[in-house]
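One structure is given here, and the rest of the page talks about it.
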Amino acid sequence: MIKFIPFEVNGITGITALEGEDKIGLCTFIIDGFYMTFDSVDCSDDIITEGLARAAMNYAANRNVYIAKICKGLSSPAFMRLGFSGDDILSVEIPEALASGCSCGI
């Protein structure tokens, strides 16, 4: 089973994806008022990346964050499926993104 575990260490907030004891993905983000910005995304599986993004946005939404952003260079098809759009900085309203169905096919 895959677990998405939030962490906060030395001012860095993130989500780690674990399969058993193995770390299979990681994302970090910054929360600033009503906004969150993905700082890094390290995962080779697109579906796990989507899970990391959803877990991070859910974590942020529980802290009154409404808009999620990511720079175009960090984006992947997973973020596009979640509704991120824009030019250099892509963004999405978190409730809209979380309401979209999972693209994992299950």
Side-chain angles (χ1 to χ4, degrees):
M1 174 170 39
I2 298 170
K3 297 184 269 186
F4 297 96
I5 310 296
F7 66 87
E8 292 183 43
V9 177
N10 299 326
I12 297 171
T13 307
I15 304 290
T16 302
L18 298 173
E19 187 168 26
E21 298 287 321
D22 299 327
K23 183 165 65 169
I24 57 173
L26 174 77
C27 76
T28 59
F29 51 94
I30 299 163
I31 293 177
D32 184 19
F34 294 110
Y35 299 93
M36 73 172 294
T37 303
F38 285 90
D39 187 45
S40 69
V41 181
D42 182 18
C43 186
S44 61
D45 184 286
D46 194 52
I47 298 300
I48 304 301
T49 299
E50 183 176 337
L52 284 166
R54 286 177 178 277
M57 288 190 290
N58 185 62
Y59 179 93
N62 286 331
R63 285 145 185 85
N64 299 318
V65 175
Y66 189 72
I67 302 287
K69 300 187 232 177
I70 189 169
C71 71
K72 191 173 188 173
L74 287 178
S75 185
S76 70
F79 286 92
M80 305 311 284
R81 286 192 306 272
L82 288 167
F84 281 78
S85 62
D87 293 322
D88 291 334
I89 303 295
L90 311 177
S91 66
V92 70
E93 294 179 1
I94 292 173
E96 179 183 308
L98 294 179
S100 67
C102 178
S103 63
C104 64
I106 296 174

**Asked** Should I70 and L26 be regarded as members of a common hydrophobic cluster, given that ILVMFWY residues are connected when their side-chain heavy atoms come within less than 4.5 Å of each other, either directly or indirectly?
**Response** no

**Item:** Cluster check L52, I5: I/L/V/M/F/W/Y, side chain < 4.5 angstrom
**Value:** no

**Item:** Residue pair T28 / S40: nearest heavy atoms and the distance that separates them
**Value:** OG1-OG, 2.6 Å

**Request:** Would you sort out whether I24 and D45 count as a side chain to side chain contact (heavy atoms under 4.5 Å, CB included), showing the intermediate values?
**Result:** CA-CA 8 Å; I24 57 173; D45 184 286; over 6 Å; no

**Candidate pair T16 and F4, rule side chain to side chain contact (heavy atoms under 4.5 Å, CB included), full reasoning** = CA-CA 6 Å; T16 302; F4 297 96; over 6 Å; no

**Asked** Got a sec: does the CG of D88 have more than 12 other heavy atoms crowding it under 6.0 Å?
**Response** no

Taking only residues two or more places apart in sequence, or in another chain, which ones meet [X] in a side chain to side chain contact (heavy atoms under 4.5 Å, CB included)?
X   : answer
I89 : K69, C71
E93 : Y66, I67, P95, E96
A78 : D46, T49, E50, S76, R81

With rounding to the nearest 0.5 Å, note down the distance linking [atom1] in [X] to [atom2] in [Y].
X   : Y   : atom1 : atom2 : result
D42 : C27 : CG    : SG    : 10.0 Å
D39 : I12 : CG    : CD1   : 7.5 Å
L98 : N58 : CG    : CG    : 6.0 Å
M36 : I31 : CE    : CD1   : 6.5 Å
L90 : S85 : CG    : OG    : 7.0 Å
K72 : F84 : NZ    : CZ    : 14.5 Å

**Item:** Stepwise side chain to side chain contact (heavy atoms under 4.5 Å, CB included) test for F29 and T37
**Value:** CA-CA 5 Å; F29 51 94; T37 303; over 6 Å; no

Side-chain contact, heavy-atom cut-off 4.5 Å: [X] with [Y]?
X   : Y   : answer
F34 : I94 : no
F38 : F79 : yes
I48 : I2  : yes

**Asked** What do the steps show when you test M57 against V65 for side chain to side chain contact (heavy atoms under 4.5 Å, CB included), and what is the final call?
**Response** CA-CA 8 Å; M57 288 190 290; V65 175; over 6 Å; no

**Message:** Donor-acceptor check, side chain of D32 to backbone of Y35, threshold 3.5 angstrom: yes or no?
**Reply:** no

